[in-house]
Amino acid sequence: MIENELNLHQIAQMVDLSAVQAENDENYIRKLIATATNINFVALFTLPSWISFAKELLGENSPILLGGAVGFPSGGNTTSIKVAETHELIKLGCSEIDVVINVGKLISGFYQETYQDIHAVVEAAGSVPVKVILECHYLSEKDILEGCDIVIRSGAAWIKTGTGWPATGATVENVKLIRDHVGDQVKIKAAGGIRDLDTLLMFYNLGVRRFGIGLNSALTIIEELGNRDLVMNMHMIKD
Amino acid sequence: MNDSRIITKRIELSAVKPNHTETDIGQLVKLAEKFNCGVVQTLPTNTLLARTLIPNDHNILVGSNIGFPSGAHSTAIKVAETKEMVNIGCDEIDVVINLPKFLSHHYNFVLDDLKAVVDHAAGLPVKVIIESDYLTIDQIKKACELLIEAGAAYVKTSTGWVGAGATLKIITLIKQHVGNAVKIKASGGIRNLTTILQMMDLGVERFGIGMTSSLPIFEEILAYKFDEVYDRK
């Protein structure tokens with residue numbers, strides 16, 4: 001069953017347009033926001049120190065959700081810092097929080113500590129949905145399954161495959177493994193390595209309902225959807 | 001110190017990737033003890049563990065990494081991280097410059113951000129990571145000026161997370177520009193003793209070396225005739 005009847009609007013409403021690399025400067029953030037606004041992507045993610053700027057550019061009444069990255073991208077911050085970041089980002093206008101699991105503690109088998117860390121962020125986020133990044137690149141199958149259980153137990157809304165920083169993120173194997181384990185208990189966001197429409201649709205058919213995608217890959221996907229004119233306009237904004 | 005400690009004391013052995021386990025941190029401290037490293041470096045979540053594992057009779061220092069590795073955290077968060085690390089007994093603070101703000105020419109913001117970290121470091125030496133792989137020659141100079149003005153003790157080349165890291169070319173450039181206003185820590189991509197000796201000649205004070213690539217370097221250092229190092233200066 002290949003789902004290829006999705007239109008641009010439906011796809012855009014599943015894409016978190018992301019600029020979470022250290023070299024993404026102010027101009028890049030401006031282009032990101034212009035693109036998000038024009039295409040009406042569901043959400044926009046930047047590193048923490050751009051959030052207030054992004055909020056200002058989006059304006060008060062924008063339908064686009066602003067997402068904040070916590071403990072990003074190492075996951076190796078202390079819990080108190082992750083909680084402080086969560087409070088700060090929500091105060092600045094974030095209505096979604098993506099937090100990196102404590103990868104080292106998960107691999108070490110310290111499941112209770114790993115849970116407490118994530119649970120504290122979920123508590124701090126209150127009604128704001130939290131996506132927990134497992135950073136699958138570093139994990140064994142067992143680590144991924146234990147990570148899934150921790151995410152479910154923590155009350156987080158989503159599991160996310162990767163930060164986009166290491167070499168791999170979303171793979172078919174990992175997404176299937178996660179989906180078969182979590183069922184409908186949490187939703188899945190695939191991020192890291194989604195660069196074209198076929199990959200996006202493939203993950204959609206595996207049950208993924210959010211995609212973390214960078215600016216250039218997003219433009220490629222829009223072009224593949226047959227919206228070349230729109231992409232030309234976007235490129236003019238970009239350059 | 002007419003022995004290998006001339007070099008090993010300058011080594012900051014680091015485990016700053018996401019996937020380091022508790023066992024790895026134990027190994028990090030053991031290696032640092034065995035080879036007389038000056039400092040061990042971890043992510044904040046492991047800093048207290050490293051502190052606890054170092055025996056009382058060893059004077060290995062513990063370093064932690066703030067705003068790491070993007071530098072793009074808010075100043076308030078960097079300050080909170082710094083205070084927390086000071087409170088748990090950290091000896092040195094490595095902080096990443098706010099790279100995206102720096103690349104956007106928001107120099108006042110970057111300066112205030114660094115000053116805030118230095119001001120809350122309780123007198124501990126602060127090393128500012130400029131992530132030189134992202135910077136042009138002029139930007140490297142500008143970053144050095146800002147961190148000197150902020151009161152940093154060191155300029156540090158790289159996080160080790162991206163790019164080639166410290167090169168002789170970058171070190172030469174930095175030294176020419178900073179002189180003795182700030183010390184230099186070379187990090188990222190240092191894989192052999194020859195590089196260390198060349199960089200020492202260029203004026204590098206400290207070397208950040210990942211624990212996973214450190215053993216061959218320690219073996220080289222132990223096999224080296226250290227009288228020659230004295231002759232170099």
Side-chain angles (χ1 to χ4, degrees), chain A residues 19-30 46-53 68-89 91-92 100-110 113-114 117 133-135 137-140 143 162-163 165-166, chain B residues 15-26 42-49 64-85 87-88 96-106 109-110 113 129-131 133-135 139 158-159 161-163:
Chain A
V20 290
Q21 298 296 320
E23 73 268 37
N24 297 145
D25 65 4
E26 183 182 329
N27 283 335
Y28 195 87
I29 302 299
R30 285 182 189 280
T46 72
L47 290 172
S49 62
W50 288 125
I51 289 294
S52 43
F53 177 68
V70 169
F72 194 93
S74 80
N77 305 87
T78 62
T79 301
S80 58
I81 291 298
K82 286 182 178 177
V83 166
E85 282 190 290
T86 304
H87 285 307
E88 181 183 69
L89 290 169
K91 199 174 164 190
L92 291 173
V100 186
I101 203 162
N102 192 312
V103 179
K105 290 209 190 293
L106 176 63
I107 301 174
S108 299
F110 297 161
E113 279 183 61
T114 311
D117 183 62
I133 306 172
L134 291 186
E135 201 67 302
H137 180 79
Y138 296 112
L139 306 183
S140 67
D143 296 331
T163 60
W165 278 60
Chain B
V16 293
K17 293 286 164 61
N19 56 330
H20 291 297
T21 61
E22 189 199 25
T23 311
D24 292 335
I25 303 305
T42 68
L43 293 174
T45 184
N46 288 321
T47 305
L48 182 58
L49 174 65
S64 197
N65 292 273
I66 303 302
F68 192 87
S70 74
H73 303 77
S74 70
T75 301
I77 291 296
K78 283 181 171 172
V79 166
E81 279 193 297
T82 304
K83 285 180 175 172
E84 191 175 45
M85 290 302 112
N87 284 338
I88 64 174
V96 186
I97 197 168
N98 191 313
L99 280 164
K101 295 279 185 183
F102 178 82
L103 294 170
S104 308
H105 315 289
H106 295 187
F109 178 97
V110 171
D113 186 60
I129 306 170
I130 62 172
E131 203 71 296
D133 279 89
Y134 285 136
L135 309 184
Q139 285 172 331
S158 318
T159 59
W161 277 52
V162 296

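Quick note on labels: first sequence line is chain A, next is B, and so on, each numbered from 1.
- Asn102(A) and Glu113(A) are not linked by any side-chain donor-acceptor pair at a separation below 3.5 angstrom, with hydrogens and angles left out of the test.
- Between chain A and the options Leu43(B), Val96(B), Leu99(B), Ile77(B), the largest number of non-hydrogen pairs under 4.5 Å is found for Ile77(B).
- Only the side chain of Glu84(B) comes within contact range of chain A, with heavy atoms under 4.5 Å apart.
- Among Ala69(A), Ala84(A), Pro73(A), Gly75(A), the residue with the largest count of heavy-atom pairs under 4.5 Å with chain B is Pro73(A).
- For Tyr134(B), the ring pair (Phe, Tyr, Trp, His ring centres under 6.0 Å) test picks out no residue, with sequence neighbours left out.
- Both the sub-6.0 Å distance and the 45° axial angle are not jointly satisfied by Lys105(A) relative to the ring of Phe110(A).
- With respect to the salt-bridge test (charged N to carboxylate O, under 4.0 angstrom), the residues Lys82(A) and Asp117(A) qualify.
- Within the 4.5 angstrom heavy-atom criterion, no atom of His105(B) approaches chain A.
- With chain B as the partner, the residue from Ile107(A), Leu89(A), Leu47(A), Thr78(A) showing the most heavy-atom pairs under 4.5 Å is Thr78(A).
- Heavy-atom pairs under 4.5 Å with chain B peak, among Tyr138(A), Trp165(A), Phe53(A), Phe72(A), at Tyr138(A).
- Pro100(B) meets the side chain to side chain contact (heavy atoms under 4.5 Å, CB included) test with Trp50(A), Ala72(B), Asn98(B); sequence neighbours excluded.
- Both the backbone and the side chain of His73(B) come within contact range of chain A, judged by heavy atoms closer than 4.5 Å.
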